2 protein chains.
Amino acid sequence: MIQNIQIRELTPRHLRQSCSNCSLRELCLPIGLTPDEMQELDTIITQARPIKRGEALYRAGEPFKSLFAIRVGFFKASVISEDGREQVTGFHMSGELMGMDAISSDFHTCDAIALEDSEVCEMPFGEIEELAGDVPILQRHLYKVMSREIVRDHGVMLLLGNMKAEERLAAFLLNLSQRFAIRGYSSSSFHLRMTREEIGSYLGLKLETVSRTLSKFQDQGFIKVQNRLIEIIDSDSLKKLLNNCHGE
Amino acid sequence: MIQNIQIRELTPRHLRQSCSNCSLRELCLPIGLTPDEMQELDTIITQARPIKRGEALYRAGEPFKSLFAIRVGFFKASVISEDGREQVTGFHMSGELMGMDAISSDFHTCDAIALEDSEVCEMPFGEIEELAGDVPILQRHLYKVMSREIVRDHGVMLLLGNMKAEERLAAFLLNLSQRFAIRGYSSSSFHLRMTREEIGSYLGLKLETVSRTLSKFQDQGFIKVQNRLIEIIDSDSLKKLLNNCHGE
DNA sequence: GAATAAAGTTGATCTAGATCAACCAATCCA
DNA sequence: TGGATTGGTTGATCTAGATCAACTTTATTC
């Protein structure tokens with residue numbers, strides 16, 4: 001909280017206003033740019049664009065032009081196999097960047113669907129790239145963001161390849177909780193934006209298993225479930241489930 | 001084959017020799033650099049370094065200094081969870097780049113173990129990054145390589161989250177076959193560098209299931225298995241398993 | 001605000017793949 | 001060269017989670 005305020009204070013007011021629709025600077029772009037560099041960035045980034053719940057930000061197969069920074073809202077990303085199976089590859093919230101998978105082939109490889117009314121800032125990749133050539137800190141930032149996505153994906157592989165249903169759900173809830181906390185929302189009580197089926201797709205489980213496991217956690221007193229509202233009552237027990245030492 | 005030769009011919013002989021230990025230029029760095037730019041790249045990339053079978057190129061937790069391009073050989077990358085479970089996140093062969101996961105946090109997040117005697121070219125990231133600022137084609141190439149890794153990871157998630165054991169194995173074999181083909185090796189007959197257990201870890205299966213499924217494929221006449229030597233006899237049937245339309 | 005559709009829960013049953021176990025084959029090493 | 005270790009196969013059994021099914025609750029729509 002205090003840190004948030006400090007960052008805000010570091011940014012001259014007139015510069016903040018020049019991108020009034022877009023809190024990108026605080027959210028997902030590097031601190032440390034000079035005012036000139038920031039100005040240049042602002043000219044590249046378009047005004048925030050609203051995306052209604054259920055709408056696609058982009059779909060697999062569409063030509064790639066831009067990365068998108070989520071200003072407010074919540075998205076799912078998913079790939080569809082040839083035979084029509086959907087795999088949710090991630091849930092993304094404010095401050096996160098989407099579309100990096102499209103750089104390699106110049107078209108999008110997954111769908112990005114808004115799970116609530118959202119706003120994104122469009123960042124034309126060609127221009128961002130050009131600017132990055134002149135601004136090392138921006139270049140480095142882009143590499144880091146992409147690398148972080150790779151690390152995250154490896155974590156999901158570990159989850160899908162090794163973990164049992166209860167562990168997957170516990171990891172999922174704790175991860176969401178943590179990410180809400182970072183954004184200044186409650187870490188102990190939050191609203192799930194996705195269906196049980198979408199959770200299941202992400203975690204490699206069927207929706208019935210997701211539902212049952214949530215009920216079980218509730219019976220054990222770890223959480224309280226009220227439809228999509230989750231209250232975390234005993235996060236230590238959830239963490240213990242995860243670090244489950246299989247013998248102690 | 002013809003294409004390979006053409007690429008070679010485009011590179012002046014004296015430049016090729018300046019990096020005699022390192023066929024990076026042909027393997028994993030962009031075609032289209034000027035001779036000067038190539039020269040500069042060569043001064044950055046260190047001589048090829050041999051890694052014996054079983055040795056680690058790097059391990060999770062080690063500080064990050066360089067990316068590594070595999071010149072010859074075969075590696076597995078794996079993450080270990082707090083409680084000691086290993087998840088193989090990928091198998092990597094000549095021409096591929098490793099270590100990109102480490103950029104985000106400045107230390108490696110997975111182990112890279114040689115599965116046969118190998119050689120890598122070390123590419124100090126700081127210097128590569130600096131050069132990339134001056135050479136847009138190199139910068140773009142790095143973004144593309146990282147993006148490709150993200151797309152690959154999404155494919156593995158689909159596999160782990162949605163596919164049955166037979167589909168996973170079929171996908172795995174076809175993928176290996178294709179990658180060997182690209183490198184000029186036989187696509188129909190190849191040697192597995194990894195154990196059944198490592199295959200299982202990658203595919204989210206137990207080694208017994210891997211073994212049984214390979215035997216089943218052999219019984220069905222799709223492949224011939226002789227210890228680690230795999231001969232693909234009927235790749236169409238394997239592909240059909242994958243695009244399995246669940247009703248036809 | 002009733003009608004309809006979509007999302008969620010819970011129970012009964014089934015099964016793919018895990019686990020346990022015994023054995024065989026290859027390769028390593030003194 | 002021959003014993004030991006590691007890797008691989010195959011069978012028998014078990015179980016976590018899938019599947020099928022009935023029902024309830026919550027959204028959406030006109």
Side-chain angles (χ1 to χ4, degrees), chain A residues 52-55 76 85-88 113 115-117 159-173 191-220 223-230 241 244 246-247, chain B residues 52-55 76 85-88 113 115-117 159-173 191-220 223-230 241 244 246-247:
Chain A
K52 279 240 166 339
R53 184 160 75 90
E55 280 180 14
K76 72 166 174 178
R85 285 178 278 192
E86 179 188 43
Q87 173 69 33
V88 172
I113 310 288
L115 296 183
E116 65 181 27
D117 293 353
L159 181 140
L160 291 172
N162 269 296
M163 291 168 41
K164 317 217 231 41
E166 288 188 25
E167 299 174 308
R168 294 182 199 194
L169 243 313
F172 175 71
L173 292 174
H191 180 81
L192 296 175
R193 272 74 171 179
M194 71 295 280
T195 66
R196 304 287 192 262
E197 187 167 21
E198 287 162 337
I199 297 172
S201 169
Y202 181 58
L203 298 178
L205 302 170
K206 292 294 157 183
L207 67 95
E208 293 95 328
T209 305
V210 172
S211 180
R212 269 186 249 276
T213 308
L214 289 177
S215 299
K216 192 169 178 186
F217 284 172
Q218 178 163 243
D219 293 347
Q220 291 172 310
I223 62 174
K224 195 156 175 303
V225 187
Q226 239 180 311
N227 203 25
R228 293 196 183 180
L229 190 76
I230 298 286
L241 256 177
N244 179 15
H246 295 292
Chain B
K52 278 240 165 342
R53 183 159 77 92
E55 280 180 11
K76 71 166 172 177
R85 286 178 278 191
E86 179 188 42
Q87 173 69 35
V88 172
I113 310 288
L115 296 183
E116 64 181 28
D117 293 352
L159 180 141
L160 291 172
N162 269 297
M163 290 168 41
K164 317 218 227 47
E166 288 187 26
E167 299 174 309
R168 294 182 198 195
L169 244 313
F172 175 71
L173 292 174
H191 181 79
L192 297 174
R193 272 73 171 181
M194 71 294 282
T195 66
R196 304 288 192 259
E197 187 167 21
E198 287 162 338
I199 297 173
S201 169
Y202 182 59
L203 298 178
L205 302 170
K206 292 294 159 186
L207 67 94
E208 293 95 328
T209 306
V210 173
S211 180
R212 270 186 247 276
T213 308
L214 288 176
S215 298
K216 192 169 177 185
F217 283 171
Q218 178 164 242
D219 293 347
Q220 291 171 311
I223 63 175
K224 194 157 176 300
V225 187
Q226 239 179 311
N227 204 24
R228 293 196 183 181
L229 190 76
I230 298 286
L241 257 177
N244 179 16
H246 297 293

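The structure presented is a predicted model; accordingly, all values stated were derived computationally and were not measured. Only this structure's heavy atoms are used, side chains among them; waters, hydrogens and symmetry mates stay out.
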Q) Between the two ends of the helix from C:dG1-D:dC30 to C:dA30-D:dT1, what is the bend in degrees, rounded to 10 degrees, where each end axis spans five pairs? A) 60°

Q. So, for A:Arg196 and A:Leu214, which heavy atoms are closest and what is the spacing to 0.1 Å?
A. NE-CD1, 3.6 Å

Q) Looking at residues at least two apart in the chain, or sitting in another chain, which of them share a side-chain hydrogen bond (donor to acceptor under 3.5 Å, both in side chains) with B:Glu166? A) B:Lys216

Q. How does protein contact run along nucleotides 15-20 of chain C, one letter per nucleotide 5' to 3', with B for base contact, S for sugar-phosphate only, - for none, heavy atoms under 4.0 Å?
A. --SSBB

Q. Just how far, in rounded Å, is C1' of D:dG7 from CG of B:Leu115?
A. 14 Å

Q | Separation of atom CG in A:Leu214 from atom P in C:dT9, rounded to whole Å | A | 7 Å

**Q.** Side chain to side chain, B:Tyr202 and B:Ile199, heavy atoms closer than 4.5 Å
**A.** no

Q | Counterpart residues, side-chain hydrogen bond (donor to acceptor under 3.5 Å, both in side chains), relative to A:Lys206 (two or more places apart) | A | none

Q.
Tell me the interatomic distance from B:Leu192, atom CG, to D:dG7, atom C1', rounded to whole angstroms.
A. 13 Å

Q | Summary of protein contacts for nucleotides 22-30 of chain D, nucleotide by nucleotide, where a base hit scores B, a sugar-phosphate-only hit scores S (4.0 Å, heavy atoms) | A | ----SSS--

**Q.** Set of side-chain hydrogen bond (donor to acceptor under 3.5 Å, both in side chains) partners for B:Arg193, sequence neighbours left out
**A.** B:Glu116

Q | Test side chain to side chain contact (heavy atoms under 4.5 Å, CB included) applied to B:Asn227 - qualifying residues, sequence neighbours left out | A | none

Q: Send over the distance from B:Glu197 CD to D:dG8 P, rounded to a whole Å.
A: 9 Å

**Q.** Atom pair distance, as rounded to whole Å: CD in B:Glu198 and P in D:dG7
**A.** 8 Å

Q.
Counting only side-chain nitrogens and oxygens, does B:Ser211 get under 4.0 Å of the OP1 or OP2 atom of D:dT10?
A. no

Q: Can you sort out the partners of A:Gln218 under side-chain hydrogen bond (donor to acceptor under 3.5 Å, both in side chains), two or more places apart, ordered by chain and number?
A: none

Q. Out of curiosity, A:Glu86 CD to B:Asn162 CG, how far, rounded to the nearest 0.5 Å?
A. 8.5 Å

Q: Just jot down the salt bridge (charged side-chain N to carboxylate O under 4.0 Å, His left out) partners of B:Glu208, sequence neighbours excluded, or say none.
A: none

Q: Kindly say if A:Ser215 contacts the phosphate of C:dT10, meaning a side-chain N or O under 4.0 Å from OP1 or OP2.
A: yes

Q. Is the backbone N or O of B:Arg53 less than 3.5 Å from a side-chain atom of B:Asp117, with the two atoms forming a donor-acceptor pair by type?
A. yes

Q.
If you compare every side-chain N and O of B:Arg228 against the phosphate oxygens of D:dG7 (OP1, OP2), does one of them come in below 4.0 Å?
A. no

Q | Counterpart residues, salt bridge (charged side-chain N to carboxylate O under 4.0 Å, His left out), relative to A:Glu197 (two or more places apart) | A | none

